[in-house]
Amino acid sequence: MTSSNPKRYFLRGAQDALPFVLVIVPFALLFGVVATEAGLNVAEVMGFSVLVIAGAAQFTAVQLMTENAPTIIVILTALAVNLRMAMYSASLTPFLGKAPVWKRALVAYLMVDQAYALSQIKYELEPELSVPERFAYYIGTVVPLAPLWYAASYIGAVAGTQIPASFALDFALPITFLAMVAPALRTIAHVAAAATSVVLALLLTWMPYGSGLLVAAIGAMIVGAQIEGVMARRART
């Protein structure tokens, strides 16, 4: 039986996460600029990035805030966008559920797509890892990402104040979301869920404050779950 070596897995996690820097930095820069254009000052932008640390939810919330949507709509929509984090947490529980409360709280705060994807794969490939090693690997994946997210958000916010209002940057937002979503469409269920969300979102544009997005998200999850269930039953037969 080999001895536990959390430091080794911390460094391995940091190494595995380095390629994602190419995505994190421009996305955080864009958020800083867009949030500044929406009227937030630098302190508000940084508070947003540090407290929420969820790019898609942050962009969605800022857009709704510029439309003067009620606070409850902003919160519910941002939560809907981030519902996947609850599923991430559930799937990591068998691997990290025995960690101390403070460690689980830290993982929950730092729950981001890239760290989850890397850690889930690592845990499945090396099931013999101890809980300290799993925790160390997860934190290692976040170390190159979280500080750069904060720093790039700040740089974007500062740069955004120097950009004239006539230089609209809204066009970059849908392009960024497309770049994030496209690589995730790996199965029929993923594609069906994405198609459902697009169709429903377009059909429900008449709903106030973008609340049609909430309905579209729920509809997409239902369709995706149903198709995954069908595919799982076929695989067993």
Side-chain angles (χ1 to χ4, degrees), residues 1-28 31-32 45-61 75-154 177 180-181 183-184 186 190 193 217 221 224-225 228:
M1 181 176 179
T2 59
S3 60
S4 179
N5 192 351
K7 181 179 178 180
R8 172 190 171 193
Y9 285 95
F10 173 85
L11 295 175
R12 179 64 61 83
Q15 179 182 348
D16 291 346
L18 285 178
F20 288 109
V21 169
L22 298 176
V23 177
I24 289 292
V25 171
F27 195 50
F31 173 74
V45 172
M46 291 310 299
F48 214 156
S49 279
V50 172
L51 294 176
V52 180
I53 192 170
Q58 289 177 218
F59 273 108
T60 302
I75 294 174
L76 289 177
T77 305
L79 287 174
V81 171
N82 261 11
L83 276 176
R84 68 190 186 283
M85 299 301 172
M87 294 183 284
Y88 291 174
S89 298
S91 68
L92 290 181
T93 297
F95 304 104
L96 296 172
K98 294 182 180 180
V101 173
W102 73 267
K103 289 186 176 181
R104 283 180 280 146
L106 184 59
V107 170
Y109 168 68
L110 296 171
M111 184 69 67
V112 294
D113 296 300
Q114 297 84 0
Y116 165 76
L118 289 171
S119 298
Q120 182 69 25
I121 293 172
K122 190 69 171 179
Y123 300 160
E124 291 180 353
L125 291 177
E126 300 185 31
E128 73 282 359
L129 293 180
S130 65
V131 172
E133 288 172 336
R134 293 169 184 164
F135 174 76
Y137 181 84
Y138 188 94
I139 297 302
T141 64
V142 179
V143 164
L145 305 180
L148 285 175
W149 175 261
Y150 305 143
S153 295
Y154 175 79
F177 276 122
M180 291 175 59
V181 172
R186 298 187 298 269
H190 294 158
M221 287 188 288
E228 282 192 343

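All values below come from the heavy atoms of this structure, side chains included, with hydrogens, waters and symmetry mates left out. Numbers here are sequence positions counted from 1.
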*Which atoms form the tightest heavy-atom contact between Ala17 and Pro144, and what is the distance?*
CB-CG, 4.1 Å
_Quick check: do Tyr116 and Thr141 have side-chain heavy atoms less than 4.5 Å from each other?_
no
*asked:* Checking the side chain of Arg104 only, and the main-chain atoms of Lys98 only, is there a donor and an acceptor separated by less than 3.5 Å?
replied: no
*Under 3.5 Å: donor-acceptor pair, side chain of Tyr123, backbone of Arg134*: yes
*Ignoring hydrogens and angles, tell me if any N or O in the side chain of Gln58 forms a donor-acceptor pair with the backbone of Ala54 under 3.5 Å.*
yes
*Would a 4.5 Å heavy-atom cut-off, applied to side chains only, mark Lys122 and Arg12 as touching?*
yes
*Quick one: closest heavy-atom pair of Ala90 and Pro94, and the distance?*
O-CD, 3.4 Å
*Ser49 (side chain) donor-acceptor with Met46 (main chain) under 3.5 angstrom*: no
*Spell out, as yes or no, whether a donor-acceptor pair under 3.5 Å connects the side chain of Ser91 to the backbone of Tyr88.*
yes
*Measure the shortest side-chain to side-chain distance between Tyr9 and Ile139 over non-hydrogen atoms and say whether it is less than 4.5 angstrom.*
no
*Hey, can you tell me if Trp149 and Phe31 have their rings parallel, tilted or perpendicular (30° and 60° cut-offs)?*
parallel
*Search all heavy atoms of Glu133 against all heavy atoms of Asn5 and return the closest pair with its distance.*
OE2-N, 2.8 Å
*Identify the heavy atoms of Thr60 and Ala56 that sit nearest to each other, and give their distance.*
OG1-O, 2.9 Å
*Do the ring planes of Phe27 and Phe59 sit parallel (below 30°), tilted (30 to 60°) or perpendicular (above 60°)?*
tilted
*Quick one: are Leu118 and Tyr137 in side-chain contact, heavy atoms under 4.5 Å?*
yes
*Over all heavy atoms of both residues, which pair between Ala152 and Ala28 is shortest? Give the atoms and the distance, please.*
CB-CB, 3.5 Å
*With side chain to side chain contact (heavy atoms under 4.5 Å, CB included) as the test, would you mind laying out the steps for Leu106 and Phe135 before giving the verdict?*
CA-CA 10 Å; Leu106 184 59; Phe135 174 76; 4.0 Å; yes
_Is any side-chain heavy atom of Leu145 closer than 4.5 Å to one of Phe20?_
yes
*Quick one: pull up CD1 in Ile24 and CG in Leu18 and give me the separation to the nearest 0.5 Å.*
12.0 Å
*Heavy-atom pair with the smallest gap, counting every atom of Leu110 and Ala115*: O-CB, 4.5 Å
*In sequence, state the C-alpha distance, the side-chain angles, and the governing distance for Lys103 and Val131, and then conclude on side chain to side chain contact (heavy atoms under 4.5 Å, CB included).*
CA-CA 10 Å; Lys103 289 186 176 181; Val131 172; over 6 Å; no
*Using the test ring pair (Phe, Tyr, Trp, His ring centres under 6.0 Å), find all partners of Tyr154 that sit at least two apart in sequence or belong to another chain.*
none
